[in-house]
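What follows is a short report on a single structure.
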Amino acid sequence: MKLYHGTNADIEAIDLSLSMKHKDFGKGFYATPDRATAIRMAQKKARLFGGTATLITYEFEESGLPLDLKVKRFPEKASAEWFLFVDTNRDRKSVSPMHNYDIVIGPIADDGVVLQLTNYHEGIYSPEQAAQLLQDKYLDQQYYFGTEKALCSLHKINAEIV
């Protein structure tokens with residue numbers, strides 16, 4: 001399967017130490033099976049940080065993953081478990097990793113999810129209620145690679161300016 005990473009410069013080798021903390025699934029490398037989503041991310045990064053909007057294409061062989069890799073797959077739609085997982089990983093008060101998965105697959109938390117996270121923290125909705133409100137919303141999918149072992153399953157095919 002092809003996965004795409006949108007960024008503001010070509011990446012020769014993925015360096016997890018350069019990854020940002022407090023993302024949906026934690027500090028790691030993110031890609032999506034949706035080319036258009038990755039292009040939007042590339043354009044956004046180039047606009048915010050400079051550089052050139054770049055789309056990097058990877059081949060990912062999910063069926064051939066080593067058995068010792070820890071993989072967490074969430075449903076494509078929002079669930080309370082996914083909602084709380086994102087909330088925990090985005091917690092800026094935390095300094096240590098929130099999980100020990102090598103790969104996490106699930107929805108991308110967009111602005112609508114951020115709004116529901118705020119509502120949850122203000123006591124307006126429970127995680128179950130917030131997830132239910134997001135059920136009808138299409139959330140793009142993302143693949144998180146959090147370890148060097150996980151990155152071995154990604155093989156760069158191409159980089160192009162978008």
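Sequential numbering from 1 along the given sequence is applied to the chain's residues.
When ring centroids are compared, F60 and F145 come within the 6.0 Å threshold.
Taking hydrophobic clusters as Ile, Leu, Val, Met, Phe, Trp and Tyr residues chained together by side-chain heavy-atom distances below 4.5 Å, I14 shares a cluster with I105. Cluster membership check: L134 shares its hydrophobic cluster with L84, using side-chain heavy-atom separations under 4.5 Å among Ile, Leu, Val, Met, Phe, Trp and Tyr. Cluster membership check: V71 shares its hydrophobic cluster with L154, using side-chain heavy-atom separations under 4.5 Å among Ile, Leu, Val, Met, Phe, Trp and Tyr.
The backbone N or O of F25 lies less than 3.5 Å from a partner atom in the side chain of Y30, making a donor-acceptor pair. Checking side-chain atoms of H5 against main-chain N and O of A38 turns up no donor-acceptor pair under 3.5 Å. Checked by atom type and distance alone, the side chain of K77 pairs as donor or acceptor with a backbone atom of Q135 at under 3.5 Å. Remark: side-chain polar atoms of E76 are not paired, donor with acceptor, to backbone N or O of Q141 under 3.5 angstrom.
Contact check for H99 versus F85: side-chain heavy atoms found under the 4.5 Å cut-off. The shortest side-chain heavy-atom distance between L151 and E148 falls under the 4.5 Å cut-off. Taking the side chain as every heavy atom from C-beta outward, M41 and I108 never approach each other to under 4.5 Å. In this structure, V86 and F74 have side chains that are not in contact, with every pair of non-hydrogen atoms separated by 4.5 Å or more. Contact annotation: the side chain of Q129 never approaches that of N119 to less than 4.5 Å [non-hydrogen atoms, C-beta and beyond]. At least one side-chain heavy atom of Y143 sits less than 4.5 Å from a side-chain heavy atom of E62.
To the nearest 0.5 Å, atom OG1 of residue T57 and atom CG of residue N158 are 5.0 Å apart. Taking CG of D91 as the start and NE2 of H22 as the end, the distance is 7.5 Å to the nearest 0.5 Å. A distance of 7.5 Å separates NZ of K156 from CD1 of I11, quoted to the nearest 0.5 Å. Once rounded to the nearest 0.5 Å, the distance linking CD1 of I103 with CG of L65 reads 5.0 Å. Here the straight-line distance linking atom CD1 of I56 with atom CD1 of I157 works out to 12.0 Å at 0.5 Å rounding. Of the inter-residue distances, the one linking T54 atom OG1 with N8 atom CG reads 7.0 Å to the nearest 0.5 angstrom.
Smallest separation of non-hydrogen atoms from D110 and G112: OD1-N, 3.0 Å. For P75 against P107, the heavy-atom pair with the smallest separation is O-CD, 3.5 Å. Here the shortest heavy-atom pairing between P33 and M1 reads CB-CE, 4.5 Å. Heavy atoms only, all atoms of each residue included: A130 and F83 are closest at CB-CZ, 3.6 Å. Across every non-hydrogen atom of A131 and A78, the tightest pair is O-CB, 3.9 Å. Nearest approach of N89 to M98, heavy atoms of both residues: OD1-CB, 3.2 Å.
By the 6.0 Å and 45° rule, K2 does not stack over the aromatic ring of Y4.
In summary, of the residues considered (D34, D24, T37), a side chain to side chain donor-acceptor pair (under 3.5 Å) with Q142 occurs for D24 alone.
The aromatic rings of F29 and Y58 lie perpendicular to each other, with more than 60° between the two planes, well past the 30° mark.
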Apply the test side-chain contact (heavy atoms from CB on, under 4.5 Å) to residues D87 and H121: give CA-CA distance (whole Å), side-chain angles for both, the deciding distance (0.1 Å), then the verdict.
CA-CA 10 Å; D87 184 52; H121 284 280; 2.5 Å; yes
Show, in sequence, the C-alpha distance, side-chain angles and deciding distance for E59 and E61, and conclude whether the side-chain contact (heavy atoms from CB on, under 4.5 Å) test is met.
CA-CA 7 Å; E59 184 64 36; E61 293 295 332; 3.2 Å; yes
Passes side-chain contact (heavy atoms from CB on, under 4.5 Å), D140 versus R40? Steps please.
CA-CA 12 Å; D140 293 326; R40 282 193 307 276; 3.2 Å; yes
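Other residues, nucleotides and ligands contribute more than 12 heavy atoms inside 6.0 Å of the CG atom of L48.
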